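Structure first, then comments.
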Amino acid sequence: MKNHSILRVEDLSIDYIVLGGSLKAVRNVSFEIYEGEVVCLVGESGSGKSTVGLAIAGALPENAIIRSGRIIFMGKNLLEAETRNKKVNNIMIVFQDPAATLNPLFKVGEVISDVIKTHLQIKEREKIKEKALEMFRMVELPDPTRIYNSYPHELSGGMLQRVVIAIALSTNPRMLIADEPTTMLDVTLQAQIIDLLLSLKRKLGLSMLFITHNLGVASEIADRIIVMYGGELIEEANSSELINNPLHPYTRGLMECIPRTHIKYSKLKHIPGTIPDLANPLKGCIFSDRCSEVMDVCRVVKPPIKEYSRNHKVACHLYMEEKQ
Amino acid sequence: MKRFKEQIIILNLIIKKPTSLASLIIVVCFVVVGLTAPLIVPYSEDAWGLTYNVEKRFLPPSLEHPFGTDALGRDMLSRVLLGSSFSLVIAAGVIGLSLIIGIPVGVAAGYHGGRIGTILMRITDMFLAFPPLLLAIVFAATLGRGLLNLIIALAISWWPWYARLVYVQTNTVKNMPYIDSAKIAGLSSFKIMTKHVIPNALTPTLVQAALDTGSAILEAAGLSFIGVGVKPPTPEWGLLVSEGWQSINYAWWIAFFPGLAILITVVGFNLFSDALRESADPRIRRTILMRLGIKQ
Amino acid sequence: MSRLVEINNLRKYFPIRSGLFGKIVGHVKAVDGITFSVGQSEVVSLVGESGSGKTTIAKCLLLLERPTSGEILFDGYNITEARGKEYRDYRRSVQAVFQNPFLSLDPRMNVHDIISEPVKNHMKLSRKELYEYVSKLLEMVGLDQSFLEKFPHELSGGQAQRVAIARAISLNPKLVILDEPTSALDVSIQAQILNLLAELKEKMNLSYLLITHDLSIVRYISDRVLVIYLGKIMEEAPTEKIFKEPLHPYTQTLLTSVPDPFAKDVREKVILRGEPPSPTNPPKACRFHTRCPHVMDVCREEEPPEIQFGEKHRTYCWLHVKK
């Protein structure tokens with residue numbers, strides 16, 4: 001791939017101020033997304049994956065503080081004050097619960113019309129409606145005119161998620177951030193939405209940051225997968241490379257935790273312990289207290305993320321030594 | 001200590017914001033003075049209104065009588081101080097009585113539902129349909145003046161609000177999965193109600209009730225002011241204002257000090273309830289933390 | 001394997017009321033004629049999506065809902081009519097673990113009180129005996145005594161679910177109903193809980209009725225699977241058979257819809273069109289015909305009969321009638 005980078009996150013650190021202290025939710029995270037690429041941020045709760053997504057979309061909650069870093073989107077740092085105040089309609093975000101993002105008092109047609117009117121500066125009513133219906137058709141909603149005149153509660157979860165995606169895409173964004181968009185849906189509907197996002201990517205050449213806790217979903221949609229744990233980036237590789245050849249003990253463990261549908265086995269592997277305390281993250285490697293292959297150096301020195309092979313980076317002492 | 005971690009943090013937050021701290025001080029002072037006033041007032045007999053002293057009529061504020069004296073020569077400071085005891089008794093009485101009626105009605109209607117629940121809630125709605133103060137005035141006038149009658153009249157207009165609140169809470173708690181868990185454990189309806197439903201449903205209501213003290217004092221003072229509350233010479237603040245009202249042109253202090261007491265207490269309680277609500281609500285709490293710039 | 005619980009033609013309709021006088025204008029047919037059984041120390045999975053009625057079946061079994069018709073037999077008696085000793089016996093024998101432990105545990109109780117509540121209700125133990133008993137249960141679910149004084153909000157999701165499991169096994173039940181026991185948990189924690197459940201099953205000779213939308217955990221833990229859709233059984237088979245030779249098109253779709261990073265090349269994905277219909281007004285004849293990729297005319301007109309395929313494998317589908 002000879003694509004240009006569309007988004008570059010550099011050394012991003014974000015704290016949340018909470019009762020009695022602060023949580024270091026994201027620490028020194030750097031990665032890049034190329035044009036027309038789907039990148040998945042995979043992690044469990046507390047991994048900081050959603051915080052990264054919110055920071056890029058400029059939708060961090062009020063108690064978040066960006067400690068360091070730059071988010072460069074199409075050559076501009078989104079964290080600089082002047083760019084920050086401008087409405088960025090080149091990046092749109094879709095959340096887990098579509099019902100919570102739509103105002104129950106408005107018909108979904110009114111919502112999308114409003115977005116089209118403000119973002120695209122279209123004045124004529126017919127043109128706005130035409131565009132809205134076109135968007136609904138693009139996300140493969142049946143009977144767009146009926147949907148246009150429906151209230152959110154009249155539509156099912158899968159349809160609402162399509163509506164929300166249509167609204168996000170109506171501003172012709174260059175990039176879509178999808179934060180667990182299929183988690184609340186049944187598996188058959190989840191498969192539909194994944195299918196839709198993939199076809200939109202092909203049709204529109206859309207770059208996408210897809211955030212999920214589900215490695216299975218990630219493997220279906222992503223070109224590249226980034227694994228986060230406890231607020232840090234620990235491994236990054238091409239989708240099939242990561243699935244077939246995971247390096248970091250955490251990624252390997254996560255892979256073995258997933259119950260599989262196509263083979264029978266008697267005992268599931270699991271990772272002992274619980275997710276890390278973000279108020280006082282470990283000094284050395286963030287995974288060292290749960291790692292089965294922990295060495296002395298892991299508890300003292302934080303391993304930097306290093307290229308292991310082409311298109312495969314990992315932050316683990318196991319692989320540092322091998323290379324030396 | 002661990003159990004009260006949350007409470008300690010809330011208290012910490014309140015102390016850090018000046019208006020909240022002020023309100024906390026007012027509330028604490030009010031309660032302390034209210035409890036001890038009968039023992040600390042400088043002129044006890046004046047305070048209870050048992051004396052009549054012609055020479056001392058209408059004395060302006062002085063060192064001897066910091067709040068001046070009234071038309072019958074009684075020390076206003078003593079009367080205002082003792083008034084806080086009456087306000088405390090009235091507020092506690094009104095809220096206590098309202099809870100005694102409101103909680104059973106709300107729990108019964110919320111937990112059992114069905115026809116009895118519907119009837120109970122319709123009765124509650126009937127009371128809620130009248131403006132509360134009007135309802136209280138009508139009942140106070142009918143029952144006649146007196147401390148107990150005032151409390152009863154106010155409670156009659158007050159309980160439906162608690163019944164409604166308890167009803168809504170009970171309904172929510174009743175449908176929580178942990179109630180299902182209790183049923184599966186084999187607990188009887190009665191035990192589920194007393195051990196799980198009531199404790200979980202009551203907390204918000206009890207907090208609300210404690211915060212309603214300010215409004216109870218204000219309404220009681222209102223009723224006494226228009227002459228359907230306590231009987232003279234009870235040193236109730238509303239009554240004191242009403243007595244001082246006639247001589248406002250030449251003895252402003254008689255109405256002024258009890259009025260000021262009402263103002264400070266009510267504003268204090270209202271600010272305190274806002275502060276508590278802010279600090280206890282995690283979403284708002286964040287913004288306070290931000291504003292204060294607490295970083296650790 | 002002897003039968004522990006038998007469910008015969010279970011129906012549960014919820015009335016839809018409307019207007020001032022609550023006139024019944026229709027019914028949500030949450031469960032519409034379901035028959036199955038759970039054997040001694042067997043794990044049976046009920047698999048279905050939202051609206052399939054799987055949770056309603058659990059609620060009927062737990063006596064939290066009264067069935068509209070049909071019977072649930074336990075130890076030879078119909079539990080919906082059980083009173084007195086039979087009722088208490090049943091309550092003791094059937095326990096449950098729910099999806100979200102933070103909602104299914106009373107937030108005002110500490111761990112000791114949560115676990116001891118069912119014990120106190122059914123057994124007479126002194127305070128000291130109770131304390132020891134609860135400590136032993138905690139140990140069985142992999143927690144130590146330091147948790148006794150904690151409140152649910154001080155626990156992580158996995159720890160809270162362990163407490164819920166300790167409570168469920170505290171009365172030595174015969175059947176534990178697991179209603180989406182791991183859906184609210186992280187993947188690494190989900191594996192811990194599944195292993196714990198499997199271990200407890202062996203140790204205590206438990207039967208499980210596992211209710212889930214997630215087929216991937218089914219293969220790990222269960223002996224038999226029932227696939228349900230809009231209140232009706234689509235297919236029932238031993239677990240291995242469901243995964244190897246799924247007969248019903250709905251089962252096939254469900255299987256390929258589960259995102260599995262390792263099965264990407266193994267299978268061909270079937271993507272259903274359209275949304276699941278509402279259980280208020282389910283499709284006539286075969287319930288799946290509105291979304292079925294193999295739909296035929298007969299599917300729209302007549303309900304498919306039960307077809308047996310070898311031992312313990314049955315399905316309801318016209319596709320297999322001709323054979």
Side-chain angles (χ1 to χ4, degrees), chain A residues 42-47 140 142 155-159 182-192 194-196 212-221 225 229 239-240 242-244 246 250 253-275 290, chain C residues 47-52 142 155-159 182-196 198-199 213-221 229 239-240 243-244 250 253-267 269-278 291:
Chain A
V42 179
E44 298 183 278
S45 42
S47 64
E140 292 157 30
L155 303 174
S156 69
M159 281 159 127
T182 62
T183 307
M184 303 216 357
L185 301 175
D186 282 321
V187 275
T188 54
L189 295 175
Q190 168 170 289
Q192 288 180 8
I194 291 174
D195 193 47
L196 171 72
T212 178
H213 68 282
N214 188 329
L215 259 173
V217 171
S219 74
E220 302 221 326
I221 197 166
I225 296 177
Y229 178 79
S239 182
S240 59
L242 190 101
I243 298 295
N244 296 320
Y250 173 68
L254 205 57
M255 221 67 105
E256 281 161 352
C257 284
I258 303 172
R260 301 172 194 187
T261 47
H262 73 297
I263 40 165
K264 169 96 182 172
Y265 46 102
S266 53
K267 190 151 170 77
L268 271 180
K269 290 242 175 88
H270 68 251
I271 307 173
T274 51
I275 50 174
R290 294 176 78 186
Chain C
V47 179
E49 299 182 279
S50 38
S52 62
L155 306 175
S156 71
Q159 289 163 347
T182 61
S183 325
L185 304 173
D186 278 317
V187 194
S188 67
I189 309 300
Q190 163 178 302
Q192 291 178 8
I193 297 295
L194 286 176
N195 283 334
L196 173 68
E199 186 190 313
H213 69 280
D214 185 356
L215 264 169
S216 60
I217 69 168
V218 166
R219 187 158 199 181
Y220 169 61
I221 203 168
Y229 184 76
T239 308
E240 279 314 289
F243 284 91
K244 285 199 181 116
Y250 180 61
T253 329
L254 267 188
L255 273 173
T256 59
S257 295
V258 183
D260 183 339
F262 311 100
K264 228 181 151 185
D265 318 316
V266 184
R267 63 188 192 197
K269 201 159 182 166
V270 187
I271 291 176
L272 289 183
R273 293 288 148 215
E275 305 276 320
S278 142
R291 298 171 83 199

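Here is how names work: the chains are called A, B, and so on, in the same order as the sequence lines, proteins then strands, and each is numbered from 1. A quick note: this is a predicted structure, and the numbers were derived from the prediction, not measured.
With sequence neighbours excluded, the residues satisfying side-chain contact (heavy atoms from CB on, under 4.5 Å) with D195(A) are I271(C), R273(C). In this structure, the side-chain contact (heavy atoms from CB on, under 4.5 Å) partners of T253(C), at least two apart in sequence or on a different chain, are T188(A), S257(C), V270(C), L272(C), F288(C).
In terms of heavy-atom pairs under 4.5 angstrom with chain C, the leader among I271(A), L185(A), N244(A) is I271(A). Counting heavy-atom pairs closer than 4.5 Å to chain C, the top residue among N214(A), I194(A), L215(A), L189(A) is L189(A).
Shortest non-hydrogen contact noted between I221(C) and A198(C) is CD1-N, 4.3 Å. Closest heavy-atom contact between L194(C) and Y220(C): CB-CE2, 3.6 Å.
Contacts of E199(C) with chain A are absent, with no heavy-atom separation under 4.5 Å from either backbone or side chain. Contacts between S156(C) and chain A at a heavy-atom distance below 4.5 Å involve the side chain alone, from C-beta outward. The parts of E44(A) that come within reach of chain C are both its backbone and its side chain, each placing non-hydrogen atoms under 4.5 angstrom from that chain. Both the backbone and the side chain of I217(C) come within contact range of chain A, with heavy atoms under 4.5 Å apart.
Distance NE2/H213(C) to OG/S50(C): 9.0 Å, rounded to 0.5 Å.
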